[in-house]
Protein chains: 2
Amino acid sequence: MQADRVNAEQASGGLSFRKRAKSALRGAGMRWTQQRDTLIDVIEKAQGHLDVDELYRLARQQDPRLSLSTVYRTLAVLKRHRLVDELHLTEEHHHYEAKIGAQHFHMLCTSCGTVTEFSGALVDRLQQELRREHGFTVESIDLDVSGVCARCTASQPAAS
Amino acid sequence: MQADRVNAEQASGGLSFRKRAKSALRGAGMRWTQQRDTLIDVIEKAQGHLDVDELYRLARQQDPRLSLSTVYRTLAVLKRHRLVDELHLTEEHHHYEAKIGAQHFHMLCTSCGTVTEFSGALVDRLQQELRREHGFTVESIDLDVSGVCARCTASQPAAS
DNA sequence: GTTTTTGCAAAATGTTTGCATAAAG
DNA sequence: CTTTATGCAAACATTTTGCAAAAAC
């Protein structure tokens, strides 16, 4: 557990997600509660994309009394402080992930459901282009791709 | 009204949205109902981005008995047949627009609320890159940008 | 001790569904 | 005449909210 925390800090350049979250909230005059600690811990460890129910379920394994309202309220706070990103991978459920490391985006394979990340280099270019051509200053980009991943393309006879 | 229809046909290369929709649905063994005609007409004329409530409200001006269920059911059909696009411009409401003309994406100004369209050239490049680098075949891209438009940037003292 | 946060239950929101009736083909 | 689509109301899933009790500071 101690080791996990050290690894997490190394992965994100010396400051764990939990520590960043704690100081961001404390800095805004908010309180660091047991529930927020639990939820942040689950989100950080998930290393991926949780929807609200998964987050709720996992958090209750650590603290069975934690309520669904608290999950929603905490996600709202974390979104507001830009500590988590909300993804719209599917029509049905939103997914959330810790904002750690470089900006990236997601490809969802419609065949196997796998989510792959890709980096934001091309998206940076798009941002520049929007400023140059439209005078538009980008604040946030919501970009999700769906299609067929390499594995599924290879394993399926090309649909004619 | 007749003139509107002619203009619409010219704008989309000889086949109005309504005619395309009609033949797509008829081709799939579905019926061309009064309600579908009304909804398609509203969507086509809107020339922009309607959310469900706006669509419902406008459609009821033409046919006061048309129900909200029918709006949802019709949008589902149109989405399935790729006759409308569903946009995720804001957190709260989905928006829908007729799929007419070239692919394009949307920038939402967080200051004045204006939605501006931009073309898909850069997005095409992204698509190629994903195939080249990840072997991923793109089926659909959900891309929405928010930020500050040129007008608002100009009229506001640069926030320091 | 004061203020914020929580858990719970209730309400609000947005969307879907079952079913009898109406309309389309 | 047969099948599909509609309107209505009820069901559903998800998210938000009011409030008293608990926890943080």
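Keep in mind the model is a prediction, meaning the values are calculated, not measured. Just so we're on the same page: letters track the sequence lines, and every chain starts at 1. Values reported hereafter were calculated over all heavy atoms of this structure, with side chains retained and with hydrogens, waters and symmetry mates removed.
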Taking atom [atom2] of [N] as reference, at what distance in whole Å does atom [atom1] of [X] sit?
X: B/Q34; N: C/dT21; atom1: CD; atom2: C1'; value: 18 Å
X: B/L25; N: C/dA24; atom1: CG; atom2: P; value: 15 Å
X: A/L75; N: C/dT5; atom1: CG; atom2: C1'; value: 15 Å
X: B/D37; N: C/dG25; atom1: CG; atom2: P; value: 11 Å
X: A/L66; N: D/dA23; atom1: CG; atom2: C1'; value: 14 Å
X: B/K22; N: C/dG25; atom1: NZ; atom2: C1'; value: 13 Å
X: B/R36; N: D/dG7; atom1: CZ; atom2: C1'; value: 14 Å
X: A/L39; N: C/dT5; atom1: CG; atom2: P; value: 14 Å

Discussion item. Using a 4.0 Å heavy-atom cut-off, does A/S69 contact any base of the nucleic acid, only the sugar-phosphate backbone, or nothing at all?
Written reply: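 Answer is base: heavy atoms of A/S69 come under 4.0 Å of a base.
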Discussion item. Students often get this wrong, so: under 4.0 angstrom with heavy atoms, is B/R73 touching a base, only sugar-phosphate, or nothing?
Written reply: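 B/R73: base contact, heavy atoms under 4.0 Å.
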I'd like to know if [X] pairs up with [Y] as an ion pair, taking the criterion as any Lys NZ or Arg NE/NH1/NH2 lying under 4.0 Å from an Asp or Glu carboxylate oxygen.
X: B/D37; Y: B/R18; answer: yes
X: A/E91; Y: B/K79; answer: yes
X: A/E54; Y: A/R57; answer: no

Worksheet item: Do B/H106 and B/H49 have ring centroids that are under 6.0 Å from one another?
Response: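 Yes, they do, as the ring centres are separated by less than 6.0 Å.
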Worksheet item: In terms of ring plane angle, is the pair B/F118 and B/F105 parallel, tilted or perpendicular, where the classes change at 30° and 60°?
Response: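 Taking B/F105 first and then B/F118, their aromatic rings sit tilted (interplane angle of 30° to 60°).
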Worksheet item: Parallel under 30°, tilted from 30 to 60°, perpendicular over 60°: which one fits the rings of A/H88 and B/H88?
Response: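 Rings of A/H88 and B/H88: tilted, as their planes differ by 30° to 60°.
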Worksheet item: Run the side chain to side chain contact (heavy atoms under 4.5 Å, CB included) check on B/E86 and B/L75 step by step: do they pass?
Response: CA-CA 9 Å; B/E86 185 182 70; B/L75 282 174; over 6 Å; no
Under 4.0 Å between a side-chain N or O of [X] and OP1 or OP2 of [N]?
X: A/R26; N: D/dA24; value: no
X: A/T70; N: C/dG7; value: yes
X: A/T33; N: D/dA23; value: no
X: B/Y72; N: C/dT15; value: yes

Discussion item. Please compare B/L68 and B/R31 by the position of their nearest nucleotide in DNA chain C and report the one closer to 5'.
Written reply: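 The residue mapped nearer the 5' terminus is B/L68.
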Worksheet entry | First of A/G29 and A/R65 reached from the 5' end of DNA chain C, by closest nucleotide |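 Whichever sits nearer the 5' end wins; that is A/G29.
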Practice prompt. Identify which nucleotide among C/dG7, D/dT6, D/dC25 has an atom closest to any side-chain atom of A/Q35, counting heavy atoms from C-beta outward.
Written response: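 Among the listed nucleotides, the one closest to the side chain of A/Q35 is C/dG7.
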Discussion item. Do A/V138 and A/L126 have side chains that approach each other closer than 4.5 Å (heavy atoms only, starting at C-beta)?
Written reply: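 A side-chain contact under 4.5 Å is absent here.
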Worksheet item: Does anything in residues 81-98 of chain A reach DNA chain D, meaning a heavy atom under 4.0 Å, and if so which residues?
Response: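 Of all residues in residues 81-98 of chain A, the ones placing a heavy atom under 4.0 Å from DNA chain D are A/H93.
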Discussion item. Please compare B/T74 and A/M30 by the position of their nearest nucleotide in DNA chain D and report the one closer to 5'.
Written reply: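 Per heavy-atom nearest nucleotide, the more 5' residue is B/T74.
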Discussion item. Heavy-atom nearest nucleotide on DNA chain D for A/D53 versus B/S67: which residue maps closer to 5'?
Written reply: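 The residue closer to the strand's 5' end, by nearest nucleotide, is B/S67.
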